[in-house]
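Here is the structure we will look at, set down as structure tokens.
By convention here, the first residue in the shown sequence is residue 1.
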Amino acid sequence: YLAGTGLDTAPCSSEEGDQQGDALASAGFCVAIHPEVQALDAELHPSGGAARFLMDDSYAIGPPEIVFLAILRFAERLSALGLELQLHKCTCYSRGADMRQHPARPDLIKVGSVVGPDGVAGFGLEVAGVPVGDDVYVRAVLDRWAEESMSKIISIAEKLRDHHMQSLHVMNTHCMQRSF
């Protein structure tokens, strides 16, 4: 049901799902799971938690023993819709707690972690593309991004340097600014 439209169903149909990249696919997905998202958010709210979604990137916030059970119930509700929450792609983080040993964490849900250059473990996860976690985790993610950007810049510069200086200038000033 699309509130305010008078429609009982979304204005698209598919037996197998929409084509990824289709303009309506993301909207259709969001509409399909919205009642379940609201239910998850309502379940987490009494403990001070919340559920927030950015299309298919979701964040469940609250005490671990409540969040993990709520996520499993959410997965069951999605399954009833013919959708699968891939728990092995889920990551958890809790500031100040070692989630690797938390008794409520389902085995399939991984703990967001990295090993810093000095061998020290850092914990966190990316929230809407932003690293959130302890200093070791955030620094390691930012360092990785910087290395990836520099590698891309160097590769393009080397490919264009000998014969295409104007192309290199255009690439650097118009296409690679985000990487810089």
Side-chain angles (χ1 to χ4, degrees), residues 10 12 14 16-34 37 40 50-61 64 67-68 71 74-75 78 82-102 105-180:
C12 58
S14 174
E16 294 293 322
D18 291 322
Q19 177 72 32
Q20 187 163 349
D22 181 340
L24 288 178
S26 295
F29 173 78
C30 292
V31 167
I33 69 166
H34 190 65
V37 170
L40 177 60
R52 298 295 180 255
F53 280 64
L54 181 61
M55 301 250 194
D56 62 346
D57 288 340
S58 57
Y59 307 94
I61 304 149
V67 169
F68 289 130
I71 290 294
F74 176 71
L78 289 182
L83 300 171
E84 178 186 356
L85 175 60
Q86 298 181 28
L87 291 175
H88 68 277
K89 290 186 176 181
C90 295
T91 304
C92 68
Y93 165 71
S94 182
R95 184 178 57 213
D98 187 348
M99 297 309 295
R100 295 173 295 182
Q101 305 302 322
H102 198 285
R105 182 178 62 84
D107 290 337
L108 288 175
I109 295 179
K110 63 185 178 235
V111 176
S113 64
V114 298
V115 176
D118 56 359
V120 173
F123 299 94
L125 50 78
E126 290 180 39
V127 177
V130 176
V132 174
D134 61 31
D135 290 343
V136 172
Y137 180 86
V138 171
R139 172 57 54 199
V141 170
L142 294 176
D143 286 347
R144 186 186 81 232
W145 291 351
E147 278 183 37
E148 290 170 359
S149 293
M150 285 306 299
S151 176
K152 190 183 302 181
I153 291 165
I154 290 167
S155 175
I156 289 171
E158 287 174 354
K159 289 176 182 171
L160 296 176
R161 179 170 286 137
D162 292 339
H163 302 290
H164 307 286
M165 289 305 283
Q166 285 147 337
S167 297
L168 177 59
H169 174 73
V170 169
M171 289 292 290
N172 282 336
T173 57
H174 295 290
C175 301
M176 298 301 295
Q177 284 182 352
R178 182 180 159 278
S179 293
F180 283 115

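Shown here are the side chain to side chain donor-acceptor pair (under 3.5 Å) partners of His34, two or more places apart in sequence or in another chain: Gln38. With sequence neighbours excluded, the residues that form a side chain to side chain contact (heavy atoms under 4.5 Å, CB included) with Gln86 are Glu84, His88, Lys89. In terms of the side chain to side chain contact (heavy atoms under 4.5 Å, CB included) criterion, residue partners of Cys92 (sequence neighbours excluded) are, by chain and number, Phe68, Met99, Arg105, Ile109, Val111. Partners of Tyr59 under the side chain to side chain contact (heavy atoms under 4.5 Å, CB included) rule, at least two apart in sequence or in another chain, are Asp57, Val127, Ala128. For the side chain to side chain donor-acceptor pair (under 3.5 Å) test, residues two or more places apart in sequence or in another chain that qualify with Asp98 are Arg100.
Closest approach of Thr91 and Gly124 over heavy atoms only: CG2-O, 4.4 Å.
Distance check: Leu85 CG to Cys90 SG gives 4.5 Å after rounding to the nearest 0.5 Å. Distance check, rounded to the nearest 0.5 Å: SG of Cys30 to CE of Met55 gives 5.0 Å. Summarising the geometry, atom CG belonging to Leu87 is positioned 8.5 Å from atom CD1 belonging to Ile71; distances are rounded to the nearest 0.5 Å.
Taking a cutoff of 4.0 Å between a charged side-chain nitrogen and a carboxylate oxygen, Glu148 and Lys152 do not qualify as a salt bridge.
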Validation: residues 129-136 side-chain donor-acceptor distances under 3.5 Å, sequence neighbours left out:
{"from": "Asp134", "atom 1": "OD1", "to": "Phe123", "atom 2": "N", "distance (Å)": "3.2"}
{"from": "Asp134", "atom 1": "OD1", "to": "Val136", "atom 2": "N", "distance (Å)": "3.3"}
{"from": "Asp134", "atom 1": "OD1", "to": "Tyr137", "atom 2": "N", "distance (Å)": "2.8"}
{"from": "Asp134", "atom 1": "OD2", "to": "Phe123", "atom 2": "N", "distance (Å)": "2.9"}

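Side chains of Leu78 and Ile33 form a contact here, defined as non-hydrogen atoms less than 4.5 Å apart.
Ser149 places a side-chain N or O within donor-acceptor distance of the main-chain N or O of Trp145, the cut-off being under 3.5 Å.
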